[in-house]
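Structure first, commentary second.
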Amino acid sequence: GSGKSTTSIVWAAQRIRDGLSPSRILLLAYNAKAGETLQAKLRDAIGAQAAARVWCGTFHSICWKLLRKLQPEDPRSQPSALFGRGSSDESEDQDAVRPGQLLGPALREARLDVELSDVLGLSSLAREACIEILPVYARGGAPLMEFLLPKFDGMSNRAWDLATAISIYEEVRRKHGRIDYTDMLTAIHDALRHESDWVKPVGGMFDACLLDEAQDANLIQHRIFDWISRNSKVSLKVGDVRQSIYGWRGARMDLFISLEGEAARLPLRFNYRSDCSIVEHANRFAGGSPTWHIGGDAIPGPKAGRDAHAV
């Protein structure tokens with residue numbers, strides 16, 4: 001309730017009033033609902049025509065847009081390559097192929113006793129944690145196994161089956177020329193990482209970049225934002241580590257905390273949503289400089305600032 005989203009929009013609107021073209025601004029939201037909120041507030045602040053020119057959306061939608069803009073001939077950039085309905089605003093075909101239709105038979109053929117949802121979910125988590133998915137039998141799968149074992153309390157047989165299933169999912173997507181949500185991120189991430197020629201224009205596309213809810217962004221998202229914004233005139237990460245709730249989904253709030261001392265800190269100290277009693281209780285509960293435990297490592301929290309105040 002401190003007005004983070006509103007402040008973000010005012011920040012973007014001021015850049016435009018200062019003469020920056022809306023098409024040179026990037027606003028990245030954590031999920032679709034947050035993206036819709038930012039877009040609605042942006043339209044109210046600068047008008048629908050200017051707002052439509054701002055690059056505003058989720059990581060997936062922005063990466064998909066970049067892929068289609070910069071690699072129009074790449075098979076991965078075609079709507080027909082997307083898995084399932086809802087993979088993007090342009091994939092509404094009722095006959096679209098879903099992952100289970102291709103992966104299910106392959107898993108049954110391999111006689112793996114795994115849940116399809118586990119394979120899809122853990123595959124995304126691993127790739128978004130920048131774990132390289134290698135064919136388990138052909139080239140070994142040590143990085144993936146190291147990633148999976150803690151999630152199953154050291155049950156190596158269970159982890160091995162899932163590692164094998166995940167590598168099969170990689171092969172199935174490549175064989176059938178299909179991509180999923182996470183492939184939208186990895187296509188841009190890998191191209192930026194290896195400085196591929198086709199993605200080099202991204203480094204000069206934006207003069208102002210903002211990442212909303214930065215405490216809930218995962219490793220691949222932080223990397224993509226940092227690479228895209230490194231040549232911009234100004235970049236801003238907005239977030240609150242005390243609101244981080246997606247560690248189970250790969251959120252890396254330690255990367256947000258690590259900005260302490262490296263970037264200017266602009267605290268929002270007033271709460272516009274709750275009354276004084278709630279704000280005072282929150283201040284007592286979250287007071288001091290906490291130590292966060294991430295992956296078994298103790299990470300110092302942000303330095304304590306002034307308490308929040310109700311308005």
Side-chain angles (χ1 to χ4, degrees), residues 4-5 27-38 57-64 82-84 86-88 98-100 103 114-133 143-155 158-159 162-163 165-167 169-170 173 179-190 210-228 237-259 290 292-299 301-302:
K4 294 193 297 297
S5 296
L27 302 181
L28 279 166
Y30 178 72
N31 57 33
K33 184 175 181 181
E36 291 169 1
T37 299
L38 282 179
T58 64
F59 273 95
H60 298 90
S61 66
I62 294 298
C63 285
W64 174 241
L82 291 170
F83 259 139
S87 293
S88 81
R98 299 175 185 274
L103 181 57
V114 293
E115 293 291 334
L116 179 63
S117 59
D118 288 341
V119 178
L120 299 177
L122 288 168
S123 170
S124 291
L125 283 177
R127 285 178 284 152
E128 291 179 7
C130 300
I131 305 294
E132 186 177 7
I133 310 299
L144 183 58
M145 285 293 288
E146 291 173 6
F147 175 78
L148 292 173
L149 277 172
K151 301 181 183 302
F152 295 97
D153 298 322
M155 295 171 60
R158 175 73 168 150
L162 278 162
I166 289 170
S167 69
Y169 180 45
E170 290 288 299
R173 294 201 318 283
I179 69 170
D180 61 12
Y181 276 112
T182 305
D183 287 323
M184 297 177 185
L185 304 185
T186 58
I188 298 298
H189 171 273
D190 293 348
L210 180 144
L211 171 57
D212 192 27
E213 302 292 359
Q215 79 280 352
D216 286 327
N218 56 37
L219 177 58
I220 198 172
Q221 292 168 338
H222 275 287
R223 284 184 175 181
I224 289 171
F225 180 82
D226 291 344
W227 283 332
I228 287 178
K237 289 187 177 182
V238 182
D240 182 353
V241 293
R242 294 185 176 95
Q243 293 184 37
S244 182
I245 59 173
Y246 289 112
W248 59 275
R249 218 156 68 183
R252 290 288 302 275
M253 66 177 177
D254 58 308
L255 297 178
F256 185 50
I257 292 172
S258 69
L259 294 173
W292 307 94
H293 294 273
I294 303 171
D297 298 323
I299 307 294

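All heavy atoms count here, side chains included; hydrogens, waters and symmetry mates do not. Because the structure is predicted, anything quoted here is derived from the model rather than measured. Position 1 is the first residue of the sequence; numbering continues from there.
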Nearest heavy-atom neighbours spanning [X] and [Y]:
{"X": "I133", "Y": "S167", "answer": "CG2-CA, 4.0 Å"}
{"X": "V114", "Y": "A165", "answer": "CG2-CB, 4.0 Å"}
{"X": "A217", "Y": "L211", "answer": "CB-CD2, 4.3 Å"}

Find the distance between [atom1] ([X]) and [atom2] ([Y]) and round it off to the nearest 0.5 Å.
{"X": "L210", "Y": "L38", "atom1": "CG", "atom2": "CG", "result": "7.5 Å"}
{"X": "Q221", "Y": "D216", "atom1": "CD", "atom2": "CG", "result": "9.5 Å"}
{"X": "C130", "Y": "F147", "atom1": "SG", "atom2": "CZ", "result": "10.5 Å"}
{"X": "L28", "Y": "I228", "atom1": "CG", "atom2": "CD1", "result": "6.5 Å"}
{"X": "L122", "Y": "L148", "atom1": "CG", "atom2": "CG", "result": "6.0 Å"}
{"X": "R249", "Y": "Y30", "atom1": "CZ", "atom2": "OH", "result": "3.5 Å"}

Would you mind reporting whether [Y] and [X] have side-chain heavy atoms less than 4.5 Å apart?
{"X": "D212", "Y": "L27", "value": "no"}
{"X": "M184", "Y": "L82", "value": "yes"}
{"X": "W64", "Y": "T58", "value": "no"}
{"X": "I179", "Y": "R173", "value": "no"}
{"X": "W227", "Y": "I188", "value": "no"}

Q: Tell me, with the steps shown, if K237 and D226 meet salt bridge (charged side-chain N to carboxylate O under 4.0 Å, His left out).
A: CA-CA 10 Å; K237 289 187 177 182; D226 291 344; 3.1 Å; yes
Could you tell me whether the side chain of [X] and the main chain of [Y] form a donor-acceptor pair under 3.5 Å?
{"X": "S123", "Y": "L120", "value": "no"}
{"X": "H222", "Y": "F256", "value": "no"}
{"X": "Q215", "Y": "M253", "value": "no"}

Q.
Check D240 with K4, please: is the shortest side-chain N to carboxylate O separation under 4.0 Å?
A.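 A salt bridge is absent here (no side-chain N lies under 4.0 Å from a carboxylate O).
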Q: Indicate yes or no: does R127 engage D180 in a salt bridge with an N to O separation below 4.0 Å.
A: yes
Q | Trace of the salt bridge (charged side-chain N to carboxylate O under 4.0 Å, His left out) decision for K151 with D118 | A | CA-CA 11 Å; K151 301 181 183 302; D118 288 341; over 6 Å; no
(Q) My understanding is that only residues two or more places apart in sequence, or in another chain, count here; which of them pass side chain to side chain contact (heavy atoms under 4.5 Å, CB included) with N31? (A) K33, A34
Q: Determine the interplanar angle of the F83 and Y169 rings, folded into 0 to 90°, and report it as parallel if under 30°, tilted if 30 to 60°, perpendicular if over 60°.
A: parallel
**Q.** Verdict with reasoning, E128 to L219, per side-chain contact (heavy atoms from CB on, under 4.5 Å)
**A.** CA-CA 6 Å; E128 291 179 7; L219 177 58; over 6 Å; no
